[in-house]
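Have a look at the structure below, then the notes.
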2 protein chains.
Amino acid sequence: MGISERKEREKQEMRRRILDVAMNMFLVDGYEKTSLRNIAEKIEYSPATIYLYFKDKDELFYEVQKDAFQKLNEVFAQHVTATEPLARLRQICHTYVQFGIANPELYDLMFIIRAPMNVVEEKEMWDNGTDAFDFLVQTLTACIEQKLIKYTDPMIAALSVWSMGHGLISLNVRCRIKVMQMCDEDVANSINLSIEEFLRVISTP
Amino acid sequence: MGISERKEREKQEMRRRILDVAMNMFLVDGYEKTSLRNIAEKIEYSPATIYLYFKDKDELFYEVQKDAFQKLNEVFAQHVTATEPLARLRQICHTYVQFGIANPELYDLMFIIRAPMNVVEEKEMWDNGTDAFDFLVQTLTACIEQKLIKYTDPMIAALSVWSMGHGLISLNVRCRIKVMQMCDEDVANSINLSIEEFLRVISTP
DNA sequence: CAAATATACTGAACACTGTTCATGAAATGC
DNA sequence: GCATTTCATGAACAGTGTTCAGTATATTTG
């Protein structure tokens, strides 16, 4: 049956089109402005049509999040080039934080916003973030094996590094670093300094 | 003029009543369910009345956030009792994280949600979080003076400790730790372990 | 090819949200 | 007692996610 195959392909193309438009609206206008109605208007379909391709807003946003993580993974692949584990760790940290600062709206969707995680509630795991996290665990395992850092458990180390990076970005993205009187440049500087200090501090003497 | 004083007092009482109801709704039902209409219904006034006491939703939420930070400060005063700086730091970290885990909806309002920070945009500083942050800086300054930790700059140290704590809580609150297959108990355990390891790692030998 | 069926899509409605404003009622000042 | 200020509201506006009966098109069947 060539027809049902074409139908299936067209359905997938429509899904992709919706996802691409949604991703673009996220990047350009941010989360707040990315409504189902706005997406529908941009693809020139009725809002109800979106529900033929996604169960609800959460499921749609979960798929956009998946694409966002692919972007992050690509950035990792591009910027994390060192072979020495500690140098890799440093590259991972800076690449991650830079990605967050450069794409605050996308970072929102990936790590801060509640919406897309409702579909995970029923699931057993959050598979969108797995690859990036595994990438970090792998590097940290190498660091620990070569006794380059003071941590002993790769999982705890990964959770700590990630929390530190996420903490820095999300406090900044959500304007909570304004407790210290600083200009934007100072803030960016402090974030980078915090990463450097953290790496120095966790390294074995 | 006794009358205008009474009027002023009544206005403040009404403000307090709105804030208390809002705080309670946050604690019981969470951010999503705390709408101006729901608050208005609970105080048995029209939604429009709230605008006679607050400029908009953001300003109201900013005041509730202020109360939330007072709660946090009280918890600090209650649980951070040690005199030795490093012991104090440990107590601060655990108290903070425990507060976040125990009051996820309030933590949302204080550190994650965008809404109340819009009023800060025009302001020069975010004064709600100042006391808690200064408290941390003070303890870290003592730690550095006594050469108990490897950090040299109290500001950078405070930003790092805070980011670590906030990262752990917010990743958990927003279900992002589900990348690792773990039950809730394991997660809570990993968070505590991460804090202990961080404190161990940053301490001078 | 025509009729019956299956698929794709939409307009309108529902129940929400924050916000504004003219209108009305009550308390205060003179 | 009358004028004025203060306080509160109903109704409306523009927006949100979501559902569903109904329609138009495309495909399958007789």
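All figures in this text were calculated on a predicted structure; none of them were measured in a lab. Proteins come first, then strands; the chains are lettered A, B, ... in the order of their sequence lines, and each starts at number 1.
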What is the distance from [atom1] of [X] to [atom2] of [N], rounded to the nearest Å?
| X | N | atom1 | atom2 | value |
| --- | --- | --- | --- | --- |
| Arg9(B) | dT6(D) | CZ | P | 18 Å |
| Glu59(B) | dG18(C) | CD | C1' | 15 Å |
| Leu60(A) | dT16(D) | CG | P | 14 Å |
| Glu10(B) | dC7(D) | CD | C1' | 11 Å |

Without placing hydrogens or testing angles, list every side-chain donor-acceptor pair under 3.5 Å for residues 30-40 of chain A, not counting sequence neighbours.
from     : atom 1 : to       : atom 2 : distance (Å)
Thr34(A) : OG1    : Gly30(A) : O      : 2.6
Ser35(A) : OG     : Asn38(A) : N      : 3.1
Ser35(A) : OG     : Asn38(A) : ND2    : 3.4
Asn38(A) : ND2    : Lys33(A) : O      : 2.7

Taking ring pair (Phe, Tyr, Trp, His ring centres under 6.0 Å) as the test, write out the residues that go with Phe61(A), two or more places apart.
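Partners of Phe61(A) by the ring pair (Phe, Tyr, Trp, His ring centres under 6.0 Å) criterion, ordered by chain and then number, come out as Phe26(A).
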Verdict with reasoning, Glu74(A) to Lys71(A), per salt bridge (Lys or Arg N to Asp or Glu O under 4.0 Å)
CA-CA 5 Å; Glu74(A) 283 166 14; Lys71(A) 267 178 189 279; over 6 Å; no
Please determine if Arg90(A) and Glu196(A) form a salt bridge, counting it only when a charged side-chain N lies under 4.0 Å from a carboxylate O.
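Yes, this pair counts.
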Run the side-chain contact (heavy atoms from CB on, under 4.5 Å) test against [X] and tell me which residues pass, sequence neighbours left out.
| X | result |
| --- | --- |
| Gln138(A) | none |
| Ile101(B) | Val97(B), Asn172(B), Ile191(B) |
| Ala82(A) | Ala87(A), Arg88(A), Gln91(A) |

Provide the full list of side-chain hydrogen bond (donor to acceptor under 3.5 Å, both in side chains) pairs with a residue in residues 14-28 of chain A, sequence neighbours left out, each pair given once.
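Listed by first then second residue: Arg16(A)-Asp20(A), Arg16(A)-Asp67(A).
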When Leu136(B) is tested against each of Thr141(B), Leu89(B), Asp131(B) for side-chain contact (heavy atoms from CB on, under 4.5 Å), which residue passes?
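It is Leu89(B), the one option of Thr141(B), Leu89(B), Asp131(B) that forms the side-chain contact (heavy atoms from CB on, under 4.5 Å) with Leu136(B).
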Just grab all the ring pair (Phe, Tyr, Trp, His ring centres under 6.0 Å) pairs involving residues 119-145 of chain B, residues at least two apart or on different chains.
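Only Phe69(B)-Trp126(B), Phe76(B)-Phe135(B), Phe133(B)-Trp162(B) qualify under ring pair (Phe, Tyr, Trp, His ring centres under 6.0 Å).
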Kindly state which residues belonging to residues 49-56 of chain B come within less than 4.0 angstrom of DNA chain D, counting heavy atoms of the residue only, listed by number.
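Contacting residues: Thr49(B), Leu52(B), Tyr53(B).
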Distance flag, aromatic centroids of Tyr107(A) and His166(A), threshold under 6.0 Å:
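They qualify: ring centres under 6.0 Å apart.
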Is there a side-chain contact between Ile149(A) and Ile144(A) in this structure, where contact means two heavy atoms from C-beta onward sitting under 4.5 Å apart?
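They are in side-chain contact.
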Could you pull out all donor-acceptor pairs under 3.5 Å where a side-chain atom in residues 42-53 of chain A meets a protein atom, sequence neighbours excluded?
from     : atom 1 : to       : atom 2 : distance (Å)
Ser46(A) : OG     : Ala48(A) : N      : 3.1
Thr49(A) : OG1    : Ser46(A) : O      : 3.2

Within residues 29-43 of chain A: residues closer than 4.0 Å to DNA chain C (heavy atoms)
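The stretch gives Arg37(A) as the residues lying under 4.0 Å from the strand, ordered by number.
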Go through residues 14-28 of chain B and report each residue with a non-hydrogen atom lying under 4.0 Å from DNA chain C, sorted by number.
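Within this stretch, nothing sits under 4.0 Å of the strand.
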A correct dot-bracket answer for DNA chain D, with pairs being Watson-Crick or G-U at under 3.5 Å, [ ] for crossing pairs and | for inter-strand pairs, is ||.|||.|||||||||||||||||||||||
